[in-house]
K.L.:
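Below is a structure I'd like to ask you about.
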Number of protein chains: 2
Amino acid sequence: MREILDIQKQLMPDLMDIMKKRYSILQHILVSGVVGRRTLASSLDMTERVLRGEVDFLKELGLLESDASGMKISESGRQLLEDMQPIIKMAFGLTDLEDSIAKAFHISNVIIVPGDSDTSVFTKKELGRAGAAALRKYIAKDDIIAVTGGSTMAQIANNLALSSSMKGSLFVPARGGLGESVDMQANTIASIMAKKTGGKYRLLHVPDHLGEEAYQSLIQDPQIQEVVNAVRSCRIVVHGIGDAMVMARRRKVDSDTTGSLRADGALAEALGYYFDRQGNVVHKMPTVGLRLEDLQRVEVVIGVAGGKSKGEAIASVLRHGQEDVLVTDEAAALEIMKHVQVGS
Amino acid sequence: MREILDIQKQLMPDLMDIMKKRYSILQHILVSGVVGRRTLASSLDMTERVLRGEVDFLKELGLLESDASGMKISESGRQLLEDMQPIIKMAFGLTDLEDSIAKAFHISNVIIVPGDSDTSVFTKKELGRAGAAALRKYIAKDDIIAVTGGSTMAQIANNLALSSSMKGSLFVPARGGLGESVDMQANTIASIMAKKTGGKYRLLHVPDHLGEEAYQSLIQDPQIQEVVNAVRSCRIVVHGIGDAMVMARRRKVDSDTTGSLRADGALAEALGYYFDRQGNVVHKMPTVGLRLEDLQRVEVVIGVAGGKSKGEAIASVLRHGQEDVLVTDEAAALEIMKHVQVGS
DNA sequence: CCATTGTAGGACGTTTTATGTCCCGGGCAT
DNA sequence: ATGCCCGGGACATAAAACGTCCTACAATGG
């Protein structure tokens, strides 16, 4: 049932927009009874001419009628609207969610895939596909793309494909090695992405839990510096978002730090930074690479994360206000919306 | 499931064409392995440029990849094709049927609605809707439209709506009263259609079973003659198709005639004529109005009939070869196809 | 009864998009 | 080496979409 729509979305991405547009035109006419073109246009926030095109079309189809006194819905149109109800709900519940989140957090583009990554591996894959599609959309010639690690990022890498527009791209890890299992480290992800797309990559081999002295000498290393410079001049960042405590445990953060994280109300982790509910940074991992202040200069920041359990964390990061694009799933999106009111 | 597609078809009629086009492109690329643009274009019977547009688009979506050696399908594309299989089958089973019938009987446009009018009143309504849509499509300014009676025609009338393009239309009954219940007589249908569309209408009050003398004096009547002239100069004919024996009974044809009909192998009735399996006229009702030979001059002949039981009858009429447009339902269409081989 | 407001639909120039038609440089197999 | 087919760039043209304005007409309220 729903998969029909998903497939159509893949094959004809703007189909949903058209469908929504026509639906809302009919809907507005239905509730207005008899209404004129200009009135309708302003109420739908369309230009008169565009609306007119659609209206002529819908009239052609016999879905609405018009005479000198205005337009009104026809019987077939009314029937169609009724039949469409469930489809619209199914198809655009997510779209509406996307719009709500985009508006609530001032993000330019929100993409929601149906399902819950926590419970369905398929949803997680879908999240990867959507993330890859989003990246493909924003990528341009010879871009530098900084990526983080994590299972979601790994899925994105899996779903990238050879593309001439990515030929000259350079993939780099956003920050030094963040001690996860090898196949989910940022380094690995960057290299997979590069291989999949035909782009290049550079790695940052900076172990976690480094002593201050070793750290200082490492960041003096010219090769490392070159990569760090590349990272800091990237145009696109793609990163995952995690629950603060989960990430802390995974990175084997010592109990003192864990305690202070908890005390500071750390909820979310992204790019090595920990955020509280209000989106404030309460802690940061001591490693090299992209700094939070670099994000302001980065043109496209794409956050990708899903699963009901991560909803709150995602909301925290969004509240920090650096994201341009969010790719998430339905379960997380619903959670995020719960925290719109709470946090503000 | 299927109704999603039906609804979308109503709202976006060319959606199916686009979907089919993109599907067959991907399908061709899949089976071809690696293939070039020009080769593919000729094999798909598209111009190079149009194919190129689609291919660029599909590439954008990550559904196919291309390098200097040619284009091949991507993993997502392959997956999508697989997922689409059932949808395509469902959506285009009917389209294929439409094409097959159109080709087999040399009809320019065949429209099939899903279901069986014999068993589902909803399908019958849908048939009416489709018939009305077809008529709306062909109608032009100030056309004369000749219509027959029957329950299907009544449904069409019900589904017509006010339309400026039909403002000047003149609806006339194709033939004199054919003794059915009042609300399904051609006269009634014509008047309803005129009222629904805002057009005009003329009626033909010619009773059945008229004596020769009365008949002669009637057709001398100037008013009758005026209408008959209008009928014979119509540009569009919309007519139902019936089973010969059913129609004979409904019209209370005497038993002699019924016998000779049976003896002559009469299978179908349309416009007051009876046809055998090969499409030959074996009998005609003695009344005034449109004659079969007038049809050659008529620009658009639209036949509308559905239901499994009428399949054979429809095939007979089609074989006579005067139809330009056929609107039917799935059950009838399947029956019609059975008789393609048999009759030829 | 009339003025005002809102309506559809026609018209037209402009902009954007789609399309047909070449061409070019590059792999690849012969 | 050579010829063939490949993707992709380029460009003129046809077609569609669009913004904008205008006109005649219906309805409504004074």
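As a basis for the values below, the full set of heavy atoms in this structure was taken, side chains included, without hydrogen atoms, waters or symmetry mates. Order of the sequence lines sets the chain letters (A, B, ...), proteins ahead of strands, with each chain counted from 1.
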K.L.:
Need to verify one output field. Residue with the more 5' nearest nucleotide on DNA chain D, A:A68 or B:V35?
P.N.:
B:V35
K.L.:
Applying a 4.0 Å non-hydrogen cut-off, can you work out what B:G53 is touching in the nucleic acid: base, sugar-phosphate, or nothing?
P.N.:
nothing
K.L.:
Do B:D6 and B:Q10 have side-chain N/O donor and acceptor atoms under 3.5 Å apart?
P.N.:
no
K.L.:
Within 45° of the axis and under 6.0 Å from the centre of the six-membered ring of B:F92, does NZ or CZ of B:K20 qualify?
P.N.:
yes
K.L.:
Looking only at side-chain N and O atoms, does B:T39 come under 4.0 Å of OP1 or OP2 in D:dC6?
P.N.:
yes
K.L.:
Using a 6.0 Å cut-off, check whether atom CD of B:E75 has over 12 heavy atoms from anything other than its own residue.
P.N.:
yes
K.L.:
Reading nucleotides 13-22 of chain C 5' to 3', which nucleotides get B (base under 4.0 Å from a protein heavy atom), which S (sugar-phosphate only), which -?
P.N.:
------BBBB
K.L.:
Once you apply a heavy-atom cut-off of 4.0 Å, does B:D67 come out as touching a base, just sugar-phosphate, or nothing?
P.N.:
sugar-phosphate
K.L.:
Can you confirm whether the side chains of A:S66 and A:K59 place a donor and an acceptor under 3.5 Å from each other?
P.N.:
yes
K.L.:
Please work out if B:V34 contacts a base, only the sugar-phosphate, or nothing of the nucleic acid, heavy-atom cut-off 4.0 Å.
P.N.:
nothing
K.L.:
In whole Å, I'd like the distance from the CE atom of A:M46 to the C1' atom of D:dG19.
P.N.:
14 Å
K.L.:
Would you tell me whether B:D324 and B:Y138 have side-chain atoms, one donor and one acceptor, within less than 3.5 Å of each other?
P.N.:
no
K.L.:
Nearest 0.5 Å, what's the NZ-CD distance between B:K21 and B:E54?
P.N.:
4.0 Å
K.L.:
Is any side-chain heavy atom of B:L63 closer than 4.5 Å to one of A:L11?
P.N.:
yes
K.L.:
Using whole Å, report how far CE of B:M71 lies from P of C:dG27.
P.N.:
18 Å
K.L.:
Output the rounded distance in Å from CD1 (A:I29) to P (C:dA8).
P.N.:
9 Å
K.L.:
Separation of B:D56 atom CG from D:dA10 atom C1', in whole Å?
P.N.:
14 Å
K.L.:
Find the distance A:K72:NZ to C:dG6:C1' and express it as a whole number of Å.
P.N.:
16 Å
K.L.:
So A:V55, base contact, sugar-phosphate only, or nothing? Heavy-atom distance under 4.0 Å.
P.N.:
nothing
